[in-house]
Amino acid sequence: MNPASFLTPVLHDTLQVSLPLFRTELALAVTVVLVLLVRMLPGLRRLDSGVVALGGILFAAWYAWSDLRGLPGSPWMPDAVGPERVELFTGLLVFDPLTAFLRFLLTGFLVLFAVFTRITGIPDREDSADFNVLVLGATLGMCLMASANHLLAVFMAVEMASVPSYALAGLLKGRRTSSEAALKYAVYGAGAAGVMLYGISLLAGSLGTFHLPTAAARLAEMGIVGFPEGAALVLALGGLMVGVGLAFKLSAVPFHFWAPDVFEGASAEVGGFLSVASKAAAVALLVRVALGLSSPVALEADMVPAASVVLHHADEAAAETAEAGSSVTQASASQRRVAAQFASLKQDGDGQEGDASNSEKPATEAAATEIVAGATSAAVMSVDEQRIGLALPRYFIVALIAFMAAVTCTLGNLGAYGQTNIKRLLAYSTIAHAGYLMMGVAAAVALAGSNPSMAVSAVAAVAFYLATYVFMNVSAFLIVAVLRNRLRSEEIASYAGLVKTSPGLVVLMGVVLVSLIGLPPLAGFVGKFLIFASLVEASSLPAEGSILSALLIVGGVNTVLSLFYYLRVLKVMTFDPPPSDRPQQSVGLVSLSGAAITAFVVPIVIFGVFWSGLYTLAHLAGGIVS
Amino acid sequence: MSQPAFWPLTLILFLPAIVAFVLSLPIIPKAREELIRWIALATTAVVFVISLMLAVPALGGFGGSQFAVGDPAMQMVVKMPWIDAFGIEYLLGVDGISMPLVVLTTFLSVLACGASWNISKHVKAYFVLFLLLETGMIGVFISLDFFLFYVFWEVMLLPMYFLIGIWGGPRREYAAIKFFLYTLLGSVLMLLAILMLYFNSDVKLLSDDQLIATQVVSPLLDEAGQAEAIAEIKAADSAVHTFNLMALAAIGQLPDSPFSQVEVFGTRLEVLAFLLLLIGFVIKVPVVPVHTWLPDAHVEAPTPISMILAGVLLKLGGYGIIRICYPICPGGGLELAWLVCGLGVVSMVYGAFAALAQKDFKRMVAYSSVSHMGYVMLGLGVWSAVAGREYAWESWAQGVNGAMFQMLAHGISSAGMFFMVGVLYDRVHHRNLEEFGGIFGRMPVYAGMAVAVFFAGLGLPGLCGFIGEVLVTLSAWNYSYTLAAISAFTVILTAGYILWAIQRVYLGAEYRGPHEEALTPMNSRELAIATPLVFLAIVFGVYPQSLFDYVTPSVNHQVETLAAWTRDVHDADVRDANGESDIEQTAHQAAVDHVADNSGVTTP
């Protein structure tokens, strides 16, 4: 093959398709470099690296926002013509509504987080550059997690997000608990990553591809034809092992042990970062992998890169647009017809179909097809057929996620009972919330098999929950950090009677905790309501219904269980008498930190009452199921 | 589209919450306790006056809205979109069932606010929470959207938790968390039922007239607008789910209703949903065996909160059963009639015996609430229980009317009893029945009023407690002689514990217990609270029609509808299922007649 014919489409794909849709990550990467440069170059050393970082984050957030609101169907630009689903870098990543939503969520969180860290004073000036580089780097990895479309990209993204997190956990130099936390986190992380990589190799080995949509098509094929001998076992094992890696990132039971120790050892700031950003990315990745392996992508698999090439090609070459565009559309339309024909005939005609479509394709498309060569055969099956073929893997995935969700939620809530340290308590709380989120994912996967429009709502429920979770946990950790600076303690007992000196702060903490319990009219309730709603909807499915109804009951019981320990914190703050030796320093709301906390907490109330707008956005993100 | 009732209803609903928010801001310094008390009292008074103006025709209405007494339909409906994606609406309205309860709530709030005058700890926080609680209570009574209903239902929890937990007695923390846990457990079950009903509902099943009658399509629209809205609903490709309580009820009463077709966990949805909702509501009522939070909460709560708890919160459960359980899941109601009636009778008897055994005055009153609310459950239960024998709705309606009256009467008498206990407790700082005695001699006016209120609770003819108990017992007779007999005999137990308490506390030799010197006559504030309660207890006893004018039209309409449903839909299905045996029976009868004719034996 002529190397040019291979390189040209790759270059084209990279420069004209992928990079423009990758600008959020690029902005983050550039910021990382800039922050490092500020530190190294003598002239710039006096510049505050935090300001540089904040500038970069704002750029990234702006890009993420423009991508998000440019999505088709977005309420801000009714006539938006942005791409709905584009594979980037020849299928390694994917840009779709969920990517856009998560990118905006993560970068938006970074903006809040930058404000947070400047208020609480960790990191100090000296560590600021290191801290910012690590946070930005980790976020970059998390953005990749949210858009991974390829098993290798999954692994790379997880590592890219994890390694800076290990260092962040150990940021408080000279504190034993902090170093211990970092070491524990790193060792656990390395173990989980190794297992995950092994699982990936098993999956890729038996399916012959790393590309998730192609892998799904292969699975569907196997599902219809019958799994080859032994393959089912290897696939199940591979799935379990990938699950281990994901469970570690999600801090799902039984891979949650690191969470309380890391949260306790690391500073509250890092805890906030890990509990929100890391969790959001992990949930997104779980959605990607679970949905990717269990539900077919609506586009014919071999058309994905081709279509995107065409789209941007048409933009570029204005002169040729009309002609080329129309001819290509015709070509792809006829190709779809051919595919459909072959599907209906169910002939074993791979070669024939390849010939047929090749003869009609422009050269660029043919080359692009080669890159994802595995995808061609998948085109034989229609989406509906694939959906049927995937019944068994889907059942396996739903059962696995549902089981982990139930265990995670219950143990997370029960584990929180005995905690005396607020950060450990919040760690268990994040574990429990990972459980609720996984319930939503289980429902989404189950529904994707039979009722895609409801699966959209299920993914939307998860996305909504994540968005509100950002505000709840950032506020919780910010309050903990502010109180740590005042009281020099993170023990729950030291909060006794705070309502006397800082009533405003206690009210805000109350709002956060009650929202975490999930009581209306706060945002936490809406998230839970949406997840329960999708579980109820999924419980009428014939195959997975019984699992999901059981999950629904577990979720209900857990809501009641969680009441105790959240209220205990509130009880200590309000009912108990304050210790006599506490300095009478109050945290008024008319201060910088008070204002910031208020600004973070107010959205919890607003999204609890007027959640239509945010839900529309989340529903957009749910559009990945089709 | 102008909605005349928007401002009146929104105002009584959110005025307390808005004032609470303003109070919580640091505009008014914490130290100005007197000012805060007056602001709270003024707020509750304004809300009460508005609700009264809305309810009583003689007062001329408020803001152009006026409740039409005697009209069974839902009135003053406010309908605004809230969350489009789920069809959730800001849907408010009142009918004969909810209007009296709303007025009861606002009325008791004023009295409880007055009774809160001697709260001296964290005054500001207390009144902020108190006002939030009032918004929650009113919201539950006037919401017609299930989601909105649930939101208000939960909104009440937190203020109540803190009101008991901060201002309560020695075991307040335990009582507060127990109250919270029980209610939250119930509401989680309710949430599951709500979601199941929502996802199985489909307003497309309703006829055009029903769509307008149930406010799915606002009747305030002009003809063209209505036609357009109906066409839009009918054109949807998939089911159009709804949280609208009236629409859910209409769907639940359809022949071949989805609620009776769908099976969840091997049970019909209407039965399961009825059960889940019932558990959620009876925890609030409360009935035995989920009543145990009530004595603790009552004993630990400060007096005004006990008044609200007994006077209003317990009514929320009964209201939920009337408004939601029966209309939406009538099939479940028929199936589980024995359960509802049984729970009612068990609570009645158990509550009465438990009250007899108490040494703590307030605990005794708390158990009397359990017993009295048992009548409510029985009255609601017999409604569906007599089905299958005859379809004369009048005899069923008697039970429901009795239950409604019992709720309102109990709202007056129990709030009064708790207030009377509180007055005594404020003076002598104990509630031990054994140590009282001879209060009559020291505080004659107070003791006279207290005895009147306790007699109202006892159910003495001529006082408000009598009417409800009699109606419920009479209607239970149609269903089961045993239950009717038990409920009639419970009156003796009630008389037992109330008379015994009166004897131990008010009669007897002069009081020689702790804080003897503090037994001063009631002050004017206390008199101002006690007098209206005593007055109403007498008025409703002598002239119950004043309440029945409101309650009966709506209750009768609902019962009539459900009686027709039982005859035409439910039993029609059963008859179809037994179709063969019916034919056989007819044939047999014909054969018998034939034989009789042939034998020449004349039958009269």
Side-chain angles (χ1 to χ4, degrees), chain A residues 451 453-454 457 460 499-500 503-504 506-507 510-511 514 517-522 525-526 528-530 532-540 545-546 549-550 552-553 555-564 567-568 570-571 574-576 588-590 608-613 615-616 618-619, chain B residues 17 24-26 30 81-86 88 90 122 124-125 128 136 139 147-148 150-158 161-162 165-168 172-173 176-177 180-200 237-238 241 262-265 269 276:
Chain A
N451 191 347
S453 68
M454 272 315 293
S457 317
V499 73
K500 295 223 166 55
V506 172
V507 169
V511 171
V514 172
I517 298 172
L519 291 184
L522 301 172
F525 163 70
V526 181
K528 216 169 250 185
F529 168 80
L530 292 172
F532 285 0
S534 52
L535 280 176
V536 167
E537 183 70 348
S539 64
S540 61
S546 48
S549 355
L552 185 64
I553 293 166
V557 170
N558 267 292
T559 305
V560 182
L561 281 184
S562 69
L563 177 73
F564 267 122
L567 272 191
R568 186 161 55 94
L570 214 48
K571 188 207 85 162
T574 49
F575 298 1
D576 290 1
L589 292 187
V590 195
V609 181
F610 303 105
W611 45 281
S612 240
Y615 184 75
T616 314
H619 206 265
Chain B
S24 69
L25 298 176
K30 255 194 230 172
W82 181 16
I83 311 289
D84 290 333
F86 283 81
I88 299 170
Y90 177 65
H122 308 306
K124 194 166 170 174
V128 166
F147 188 87
L148 193 65
Y150 186 78
V151 167
F152 284 118
W153 184 270
E154 298 277 276
V155 160
M156 290 181 309
L157 286 186
L158 216 60
Y161 170 74
F162 284 108
I166 298 180
W167 290 273
R172 53 181 182 254
E173 289 174 18
I177 191 82
F180 206 148
L181 265 182
Y182 268 80
T183 324
L184 187 67
L185 181 69
S187 35
V188 167
L189 295 180
M190 199 196 301
L191 181 62
L192 298 187
I194 293 175
L195 288 169
M196 285 178 196
L197 291 173
Y198 172 75
F199 280 113
N200 286 297
D237 340 319
S238 53
H241 303 318
V262 177
E263 296 224 335
V264 186
F265 298 123
L269 174 63
L276 291 176

TODO: Measure the shortest side-chain to side-chain distance between Val514(A) and Tyr161(B) over non-hydrogen atoms and say whether it is less than 4.5 angstrom.
DONE: no
TODO: To the nearest 0.5 angstrom, please state how far the CZ atom of Phe199(B) sits from the OG atom of Ser534(A).
DONE: 7.5 Å
- [ ] Evaluate the ring planes of Phe575(A) and Phe162(B), with Trp represented by its six-membered ring, and classify them as parallel (under 30°), tilted (30 to 60°) or perpendicular (over 60°).
- [x] perpendicular
TODO: Count the heavy-atom pairs under 4.5 Å between each of Ser546(A), Ala533(A), Gly556(A) and chain B, then report the option with the highest count.
DONE: Ala533(A)
Open item on the list: Which atoms of Tyr198(B) are under 4.5 Å from chain A, going by heavy atoms: the side chain, the backbone, both sets, or neither?
Closed with: neither
- [ ] Measure Ile194(B) against the heavy atoms of chain A and call it side chain, backbone, both or neither at under 4.5 Å.
- [x] neither
TODO: Please name the pair of heavy atoms, one in Val151(B) and one in Phe525(A), separated by the smallest distance, quoted to 0.1 Å.
DONE: CG2-CE2, 4.4 Å
Task: Inter-residue atom distance Arg568(A).CZ - Glu173(B).CD, 0.5 Å rounding - done: 12.0 Å
TODO: Go through Phe610(A), Phe532(A), Phe529(A) and name the one with the most non-hydrogen pairs under 4.5 angstrom from chain B.
DONE: Phe529(A)
Open item on the list: Quick check on the interface: out of Val188(B), Asn200(B), Val262(B), Leu192(B), who has the most heavy-atom pairs with chain A under 4.5 Å?
Closed with: Val188(B)
Open item on the list: Less than 4.5 Å to any heavy atom of chain B: does that hold for the side chain of Leu530(A), its backbone, both, or neither?
Closed with: side chain
Task: Side chain to side chain, Ile83(B) and Tyr615(A), heavy atoms closer than 4.5 Å - done: no
Open item on the list: Report which part of Asn451(A) has an atom under 4.5 Å of a heavy atom belonging to chain B: side chain, backbone, both, or neither.
Closed with: neither
Task: Atom pair CD1/CD of Ile517(A) and Glu154(B) - distance to nearest 0.5 Å - done: 10.0 Å
Open item on the list: With a 4.5 angstrom heavy-atom cut-off, is it the side chain or the backbone of Trp82(B) that approaches chain A, or both, or neither?
Closed with: both
Open item on the list: Report which part of Leu189(B) has an atom under 4.5 Å of a heavy atom belonging to chain A: side chain, backbone, both, or neither.
Closed with: neither
TODO: Please tell me if the side chains of Leu519(A) and Leu184(B) come closer than 4.5 Å, counting only heavy atoms from C-beta onward.
DONE: yes
- [ ] Taking the side chain as every heavy atom from C-beta outward, state whether Pro503(A) and Lys30(B) have any pair of such atoms under 4.5 Å apart.
- [x] yes
Task: chain A contact via Leu191(B) - side chain, backbone, both or neither, heavy atoms under 4.5 Å - done: side chain
